[in-house]
Amino acid sequence: MSIPADDPLGPPKAEPLPWMRPGAHPPPTYGVAADQPPTGLDTLLRQLEWFDLRDGYDPFRFSTGWTVRRQAAGALWLETGTFRRGQPNSVVNVLNSGQIGSGKDVLLRSMLLPLLLRNSPEIISLVIIDGKGLDYVRYVTIPHIVQLANDIPDIPPVLTWLDTERERRKGLLRAATAKSWADAEPKPFPLLIVYISELTTLERFVDHFWEWVNDHLSLDRALGICYIIGTQTASNTPTRWRRQVQLFVAGYQPSTDDDRPNTNIGQGGWPEGVVAPSGLPLGGGYFAAVLGRKAVNVRAAFISDAEEMQALATIRQRWGAPPVREAVPLRQGAPPPPDRPESAPEAPVSAPTANQFGAGSADTDAVHAGSAPVTGDAVVRADMSRDELLAQVTAEPLSRDETVRLLAIMRKTDDADWLFSANKIAELVGGTRTVILKQVAAARGGSVPSAASEEVSA
């Protein structure tokens, strides 16, 4: 995170952008967090490109939010961090906390999308452990995603995969005689960013959970694995794991007692003019960002749902289709996932296409039944291989009927290890379980299976 007082980096190597000129914006009301920052992903990308011209290209640079500069009042500055080692604002792990509605997802979107747009899957890969339902379901369509848990039952397999991936990376580093991923040249694998939307959700699946968290945050940096951890609050959790966090980005908290656990700064320790999380508003994307002894208030860059969808489409176009991901077994000793009504256990899902999503709210983009179909030219053959079917499912554009037909063929030709339950198909294309079963059965030319047979076949 850069906090320029008198422009310590020296004269710029590029002309300042319009929003960086004195008097461009009104004074802030919360510390130095910008009240009227420029919005939009294009603006964010332009600012990051300006940093590239000024300071040299850094593929791992990400934004934390906008501030009003101490010098040249009214000029904005984008605070940044980087996963690149050896920089003044280098970080390995990020804690993003804040009560519901504080803007954590807004911040996460502004951090991740530029990284994915600017880097190929050979440079950065991504794991998302969400468990809330639909917030990140569209991200499964991009090639950087190596694992995605969009629901509680999906979490244990992803944790298993993460354990396996750690061991694989250790073996590759030993073979390369490198002490760490940062030292290895060429890189034997991409930087892996693991985003956990709510840390405490994982507690039910891991024995000695807080020791597990500490070990991963402290040891995985050598393996090229960084963590962005989200939670409503880090209060009432052990302090040891928080020592492995370099960057704290904390939104609104209801009590001053919550300031230290979420920022590592207690009462009396805040720099003059910086507002602690307990003094921030609920909503608006205002945060207190703390890196080491530096603290500043920021406002997250707003990226709309439509911009996010367009960005994901651009990422797919630029970097290719998502890989075929194999199903992962449960972790040894992990409890089984909780029961879900009328649903069989599910493996990680293949990618829905952008046109399969209806209009969502500002906070989440849910799939809506009955959304307008988009016609396409999908070719459906009974002898299609699994890879061909997956390629068709992830192709654009596909209509709702074409997607159902493809998924029905997948069920028919790959009953032993297919990727979709009826509930998941309903989530992908819209509708209810009953309707989807009828459509799949009709596409297969058979009868609607009973609930019992459905559980077995899935």
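The figures that follow rest on heavy atoms only: side chains count, while hydrogens, waters and symmetry mates do not.
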So that I can tick it off, tell me whether [Y] and [X] are bridged by a salt bridge, with the cut-off set at under 4.0 angstrom between side-chain N and carboxylate O.
{"X": "Lys187", "Y": "Glu185", "result": "yes"}
{"X": "Asp220", "Y": "Arg169", "result": "no"}
{"X": "Arg168", "Y": "Glu165", "result": "yes"}
{"X": "Arg118", "Y": "Asp58", "result": "no"}
{"X": "Arg138", "Y": "Glu308", "result": "yes"}

Working for salt bridge (Lys or Arg N to Asp or Glu O under 4.0 Å), residues Lys104 and Asp135: CA-CA 12 Å; Lys104 296 192 297 297; Asp135 285 355; over 6 Å; no
Considering non-hydrogen atoms only, spot the tightest contact between [X] and [Y] and give its length.
{"X": "Ala184", "Y": "Ala178", "value": "CB-CB, 3.8 Å"}
{"X": "Val158", "Y": "Ala149", "value": "CG2-CB, 3.9 Å"}
{"X": "Thr64", "Y": "Gly81", "value": "CG2-N, 4.4 Å"}
{"X": "Pro114", "Y": "Leu48", "value": "CB-CD1, 3.6 Å"}
{"X": "Ala276", "Y": "Asp259", "value": "CB-OD2, 3.4 Å"}

Answer whether the closest heavy-atom distance between the side chains of [X] and [Y] falls below 4.5 Å.
{"X": "Asn264", "Y": "Arg242", "answer": "no"}
{"X": "Asn262", "Y": "Thr233", "answer": "yes"}
{"X": "Asn93", "Y": "Arg221", "answer": "yes"}
{"X": "Asn297", "Y": "Trp66", "answer": "no"}
{"X": "Ile225", "Y": "Val127", "answer": "no"}
{"X": "Val94", "Y": "Gln246", "answer": "no"}
{"X": "Ile129", "Y": "Ser197", "answer": "no"}
{"X": "Arg69", "Y": "Leu76", "answer": "no"}

Do the side chain of [X] and the main chain of [Y] share a donor and acceptor less than 3.5 angstrom apart?
{"X": "Ser90", "Y": "Arg84", "value": "yes"}
{"X": "Asp130", "Y": "Asn150", "value": "no"}
{"X": "Glu198", "Y": "Ile196", "value": "no"}
{"X": "Gln232", "Y": "Gln253", "value": "no"}

Parallel, tilted or perpendicular: ring planes of Phe209 versus Trp212, cut at 30 and 60 degrees: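 Plane angle under 30°, so parallel.
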Parallel, tilted or perpendicular, as decided by the 30° and 60° cut-offs, for the rings of Trp181 and Phe60: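 It falls in the tilted class, 30° to 60°.
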Side chain to side chain contact (heavy atoms under 4.5 Å, CB included) between Val106 and Ile303, worked out: CA-CA 7 Å; Val106 173; Ile303 299 171; over 6 Å; no
Indicate, with yes or no, if the rings of [X] and [Y] have centres closer together than 6.0 Å.
{"X": "Trp77", "Y": "Phe51", "answer": "yes"}
{"X": "Phe83", "Y": "Phe62", "answer": "yes"}
{"X": "Tyr195", "Y": "Tyr227", "answer": "no"}

Between CG on residue Leu126 and CD1 on residue Ile145, distance to nearest 0.5 Å: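 Nearest 0.5 Å value for the CG-CD1 distance: 4.0 Å.
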CG/Leu219: more than 12 non-hydrogen atoms of other groups inside 6.0 Å: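 Yes, because the 6.0 Å sphere around CG of Leu219 holds more than 12 heavy atoms from other groups.
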Partner of Trp19 under side chain to side chain donor-acceptor pair (under 3.5 Å), chosen from Gln36, Gln47, His25: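 Testing Trp19 for a side chain to side chain donor-acceptor pair (under 3.5 Å) against Gln36, Gln47, His25 leaves exactly one candidate, Gln47.
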